[in-house]
Number of protein chains: 2
Amino acid sequence: MSILTKTNVNTKAYQNVLEKIKDYIQIDQLKPGDKLSSEREMAEELNLSRSTIREGLRAIELLGLIETRRGEGTFLRPYQSYQTLSLLAGFIFQDRETKDNVDDTLVMIEDVIIELGRTRGEDYIQSKWSGHGYGYWKKRGYKATFEVILSVIDNQLLEKIWYLLYAFYLSIEDKQHIRTVKDLFQSFHVQTTIET
Amino acid sequence: MSILTKTNVNTKAYQNVLEKIKDYIQIDQLKPGDKLSSEREMAEELNLSRSTIREGLRAIELLGLIETRRGEGTFLRPYQSYQTLSLLAGFIFQDRETKDNVDDTLVMIEDVIIELGRTRGEDYIQSKWSGHGYGYWKKRGYKATFEVILSVIDNQLLEKIWYLLYAFYLSIEDKQHIRTVKDLFQSFHVQTTIET
DNA sequence: CATATCTACTGGTCTGACCACTCTAGAAAC
DNA sequence: GTTTCTAGAGTGGTCAGACCAGTAGATATG
């Protein structure tokens, strides 16, 4: 299902581009940051027009897999950027019913993460937060504060899901998070009084 | 940050296409199955070339949001198909570290869903499962069995996340789910003996 | 050695063309 | 009047070729 390098006639040409590039990455053992062939080279190699190649590339780019820089070339992406995730979230979770569930779901996912944080690194989180104090973290904002928990749970996937949801949450309206920095501090029993 | 309809000069043109289409869908209240403007119309309306429009469309198409049919037009997709989700999951969660976390994360998300199912519709689930009996549901498979829980929790978002994860889980290798139908039955105290 | 300039190459965008396909209004046949 | 057939308009799929705007490296210049 995955590494079929033969061109499929029935599907659209740009989909073959996706497969080819996927193979290309695997075969050449390309790593993040590496440069792909130029669009003109790919076009010649795959016997397709440059515009068709570009349609495929745009799709992959939106997924955050590659990055294009004018004058330089096309590169494999180091990692999924926050911005891309945000856009993705907006599209994936478009419909009305889904939007109604964001609040609930975000809270639930955060519950899971917080629980994980408690078992895997309660001490670290407490010292990190109490080090700078409540006032500091409140100023840095909810996202930065929560990321401290994310940093210790060592689960990239759960992390990505949170980012996806959080980005989506913010994109709906410019509302504040249901939870506050104060809530976070309290769930880890860290002092929330501001020392002068 | 979200619904700015004004064209951003710094970003690439096809990204503006994405925004425009997103707005377009919202403003015109388009529903799944509805037809979008033709590529040529969009091009004229947005003052862009058709190729640029197409680059944007291809990206959205890969996300499974739209569907193009030659000779007919471009349509909003009815639902996010399972297949598309699988492809998406593969791209979004590409890297090695992320893959290592799938097992854990899937279990955790399922815990959340199961807990929700217990509080919101334990009776329904129990009667549904015990109605056909364990043998029936075991034959129908884990996915179908789990979907019973999903059907009562009334949270589309959590549902989508599960589908995304589950698809991704299966795509990594053709392995069986960590949990079994039996486990599900037991967490709801439904009999797992097969009557003859 | 440092600097400025030139040049080849890259992605970004546009134009205009042709194909294959679908749908439909109107002509033709009944 | 009803059915069937057909031509044409419209749609997405693909292509070739062009120009612009950046980048990087070679080359020439001080």
Side-chain angles (χ1 to χ4, degrees), chain A residues 6-21 24-25 28 30 32-78 81 83-84 87, chain B residues 6-21 24-25 28 30 32-78 81 84:
Chain A
K6 69 166 178 245
T7 45
N8 195 329
V9 183
N10 293 326
T11 58
K12 297 166 192 168
Y14 88 89
Q15 290 179 330
N16 287 326
V17 176
L18 301 191
E19 290 298 330
K20 286 283 183 182
I21 290 180
Y24 186 56
I25 291 172
D28 291 10
L30 293 186
D34 285 354
K35 192 162 177 276
L36 300 180
S37 315
S38 77
E39 298 177 349
R40 291 169 175 87
E41 279 173 7
M42 289 189 201
E44 185 158 5
E45 190 175 333
L46 302 186
N47 225 330
L48 293 169
S49 76
R50 200 182 144 212
S51 8
T52 302
I53 296 288
R54 279 184 65 83
E55 289 190 17
L57 288 178
R58 285 302 73 69
I60 305 181
E61 185 181 18
L62 185 64
L63 289 179
L65 239 198
I66 59 170
E67 181 181 4
T68 53
R69 297 201 283 268
R70 184 193 319 206
E72 300 183 56
T74 305
F75 304 84
L76 264 191
R77 266 207 163 211
S81 81
Q83 184 189 2
T84 309
L87 183 64
Chain B
K6 72 167 176 242
T7 45
N8 195 328
V9 184
N10 293 326
T11 58
K12 298 166 192 169
Y14 89 89
Q15 288 179 330
N16 287 327
V17 176
L18 302 191
E19 290 297 331
K20 287 281 183 183
I21 291 180
Y24 185 57
I25 292 172
D28 291 9
L30 293 187
D34 285 354
K35 192 162 176 280
L36 299 181
S37 314
S38 77
E39 298 177 349
R40 288 169 177 87
E41 279 173 7
M42 289 189 200
E44 185 158 5
E45 191 175 332
L46 301 185
N47 226 329
L48 294 170
S49 75
R50 201 183 142 211
S51 19
T52 302
I53 297 287
R54 281 184 63 84
E55 290 190 15
L57 288 177
R58 284 299 75 68
I60 305 180
E61 186 181 18
L62 188 63
L63 287 180
L65 233 201
I66 58 170
E67 180 182 3
T68 53
R69 297 200 284 269
R70 182 191 324 205
E72 300 183 54
T74 305
F75 304 84
L76 264 192
R77 269 209 159 207
S81 78
T84 309

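Please read these numbers as outputs of a predicted model, since none were measured by experiment. In what follows, chains are A, B, ... by sequence order, proteins preceding strands, each numbered from 1.
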- Task: Measure from the side chain of A/Ser49, starting at C-beta and using heavy atoms only, and say which of D/dT23, D/dT14, C/dT22 lies closest.
- Result: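 Given the options D/dT23, D/dT14, C/dT22, the side chain of A/Ser49 is closest to D/dT14.
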- Test side-chain contact (heavy atoms from CB on, under 4.5 Å) applied to B/Ile60 and B/Leu36, B/Ile66, B/Thr74, B/Val17, the passing residue: B/Ile66
- Task: State, with a plain yes or no, whether a side-chain heavy atom of B/Arg40 is found less than 4.5 Å away from one of B/Glu44.
- Result: no
- Between B/Arg50 and B/Glu39, is any pair of side-chain heavy atoms under 4.5 Å apart? yes
- Closest non-hydrogen atom pair, B/Ala59 against A/Arg58: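 Residues B/Ala59 and A/Arg58, closest heavy atoms: CB-O, 4.0 Å.
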Indicate whether OP1 or OP2 belonging to [N] is found under 4.0 Å from a side-chain N or O atom of [X].
X	N	value
A/Arg58	C/dG12	yes
B/Arg54	D/dG13	yes
B/Thr52	C/dG12	no
A/Arg50	C/dT13	no
B/Thr74	D/dT11	no

- So, A/Thr68 and A/Glu61: side-chain donor and acceptor under 3.5 Å apart, yes or no? yes
Specify the separation, in whole Å, of atom [atom1] of [X] and atom [atom2] of [N].
X	N	atom1	atom2	value
A/Lys35	C/dC9	NZ	P	12 Å
A/Glu55	D/dT14	CD	P	7 Å
B/Glu72	D/dG13	CD	P	11 Å
A/Glu67	C/dG12	CD	C1'	15 Å
B/Arg70	D/dA9	CZ	P	20 Å

- Message: What's the separation between atom CD in A/Glu72 and atom NZ in A/Lys35, rounded to the nearest 0.5 Å?
- Response: 9.0 Å
- Task: Mind checking the CG-CG spacing from A/Asp34 to A/Leu76? Nearest 0.5 Å is all I need.
- Result: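 Separation between the atoms: 6.5 Å.
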- Query: What nucleic acid atoms does B/Leu57 come within less than 4.0 Å of, heavy atoms only: base, sugar-phosphate, or nothing?
  - Reply: nothing
- Here the residues of residues 36-46 of chain A within 4.0 Å heavy-atom distance, strictly under, of DNA chain D are A/Arg40
- Query: Taking the nucleotide of DNA chain C with the closest heavy atom to each, which residue, A/Gly71 or A/Ser51, is nearer the 5' end?
  - Reply: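 Looking at DNA chain C, the more 5' nearest nucleotide goes with A/Gly71.
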